Amino acid sequence: MRLDKLLTHMGMGTRKEIKKQIKAKQVLVNGELALDPGLHVYPSRDTIEVQGEVIEYREYIYLMLNKPQGFLSATEDASERVVIDLLDPKYHSFDPFPVGRLDKDTEGLLLLTNNGKLAHQLLAPKKHVPKTYYALIEGVVTEADVDAFARGVTLEDGYRTMPGQLKILRSGPESEIELTIYEGKYHQVKRMFEAVSKRVTFLKRLTMGPLVLDPQLKPGEWRELTEEEIGQLY
Ligand code: URA
């Protein structure tokens, strides 16, 4: 891989900026001054330093975002804010994208990565990756709803959902629930409650497969996954 390509991928600057740094003798490869931006380097073997700092090369990044309301689960949009806008620009060079979608008004766990294969595995309908949501519901959620969700409900377009596990945390004119589902149809949680004549007024995703939203992350905040969390995804 070209030295300048590796350094842009690692978010060290644009090709032009990196060329300048190389010219200014700020880049070392295996302890020796690198003067050619096109120098061929082996990321796993060569030690690359910029201004005395060793650059640890990696191909993939994995970020856990607590998605706030008001952002689209997309990489770009002509008029709306997107989740990628929330990240430190140093991650932009990795081209991360959201694994699946949360609605604009939904909060919570969203994985961002540039590992397409992993994203594919997590989203494959056949894998039935469980997702747990916390929600506020307008209407009294009852044991009859728990039973209906456990059997699967029929959405307005005739689709019958797989069984979901509904847990009532508080039942009243406004109810509080947790729901685990094993598929990801468009607006699924909202439509499941519509099927039992209730309305979701707040929705937040708590888990996706083995990943659990870090309670330390406020809406809009993100962090890299730990090695352990990455390992659990495979
Ligand atoms: N179900 C919904 O209705 N919306 C989401 O954002 C996620 C699941």
Side-chain angles (χ1 to χ4, degrees), residues 63-77 79-87 96-113 118-141 145-146 148-170 174-215 217-222 233:
L63 305 171
M64 174 189 289
L65 169 71
N66 183 354
K67 180 192 168 299
Q69 294 182 6
F71 285 77
L72 296 186
S73 299
T75 50
E76 51 186 23
D77 190 82
S79 52
E80 304 259 19
R81 292 179 299 176
V82 297
V83 289
I84 301 298
D85 297 338
L86 293 159
L87 304 180
F97 57 86
V99 178
R101 278 162 196 252
L102 291 177
D103 296 337
K104 185 175 166 188
D105 62 357
T106 300
E107 291 187 16
L109 177 65
L110 192 61
L111 171 65
L112 299 159
T113 184
L118 175 74
H120 192 74
Q121 279 172 17
L122 286 170
L123 296 175
K126 268 194 286 183
K127 297 266 165 141
H128 303 305
V129 171
K131 282 156 277 202
T132 300
Y133 294 86
Y134 165 88
L136 293 176
I137 310 296
E138 194 178 273
V140 184
V141 177
D145 298 327
V146 174
F149 281 18
R151 286 192 302 269
V153 289
T154 305
L155 304 182
E156 79 297 341
D157 61 358
Y159 176 76
R160 191 167 176 83
T161 68
M162 289 177 60
Q165 286 141 12
L166 177 61
K167 193 160 103 187
I168 302 172
L169 304 176
R170 175 170 57 90
E174 180 190 64
S175 304
E176 208 178 330
I177 63 96
E178 271 180 25
L179 173 62
T180 302
I181 55 174
Y182 300 84
E183 54 193 343
K185 299 281 169 211
Y186 183 63
H187 292 334
Q188 180 154 349
V189 176
K190 292 172 186 166
R191 290 162 72 211
M192 285 177 81
F193 277 97
E194 273 163 27
V196 293
S197 307
K198 280 155 202 137
R199 198 167 74 87
V200 173
T201 55
F202 175 82
L203 187 59
K204 177 177 180 176
R205 182 156 65 193
L206 304 175
T207 72
M208 179 174 179
L211 268 193
V212 179
L213 179 65
D214 184 337
L217 294 175
K218 299 193 187 79
E221 291 184 346
W222 51 269
L233 290 174

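What you see is a predicted model, and the numbers here were worked out from it, not measured in a lab. Both ligands and their constituent atoms are indexed starting at 1 by order of listing.
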For Tyr133, the atoms of ligand 1 under 4.0 Å from one of its heavy atoms are 7 (C), 8 (C)

Separation between CD1 (Ile137) and CD1 (Ile177), nearest 0.5 Å, reads 4.5 Å

Ligand 1 to Thr106, heavy atom cutoff 4.0 Å, flagged ligand atoms 4 (N), 5 (C), 6 (O)

Atoms of ligand 1 under 4.0 Å from any heavy atom of Leu203, numbered from 1 in the order shown, are 1 (N), 2 (C), 3 (O), 4 (N), 5 (C)

Distance col, row Leu118:CG vs Leu123:CG, nearest 0.5 angstrom, shows 9.0 Å

The closest protein heavy-atom partner of atom 6 (O) of ligand 1 is Asp103 N, 2.7 Å

The single option from Lys204, Glu178, Glu176 that satisfies side chain to side chain donor-acceptor pair (under 3.5 Å) with Tyr134 is Glu176

When you measure from the side chain of Arg205 to the backbone of Lys131, do you find a donor-acceptor pair of N or O atoms at a distance under 3.5 Å?
no

Check: Does some side-chain heavy atom of Phe202 sit less than 4.5 Å from a side-chain heavy atom of Glu174?
Finding: no

Honestly, for Val200 the part within reach of ligand 1 (heavy atoms, under 4.0 Å) is neither

The answer for which part of Val189 has a heavy atom under 4.0 Å from ligand 1 is both

Q) Are any of the N or O atoms of Arg101 closer than 3.5 Å to those of ligand 1? A) no

Please report the C-alpha distance between Leu109 and Met64 in whole Å, then the side-chain angles of each, then the deciding distance to 0.1 Å, and finally whether the side chain to side chain contact (heavy atoms under 4.5 Å, CB included) criterion is met. CA-CA 7 Å; Leu109 177 65; Met64 174 189 289; 3.6 Å; yes

Here the atoms of ligand 1 under 4.0 Å from any heavy atom belonging to Gln188 are 1 (N), 2 (C), 3 (O)

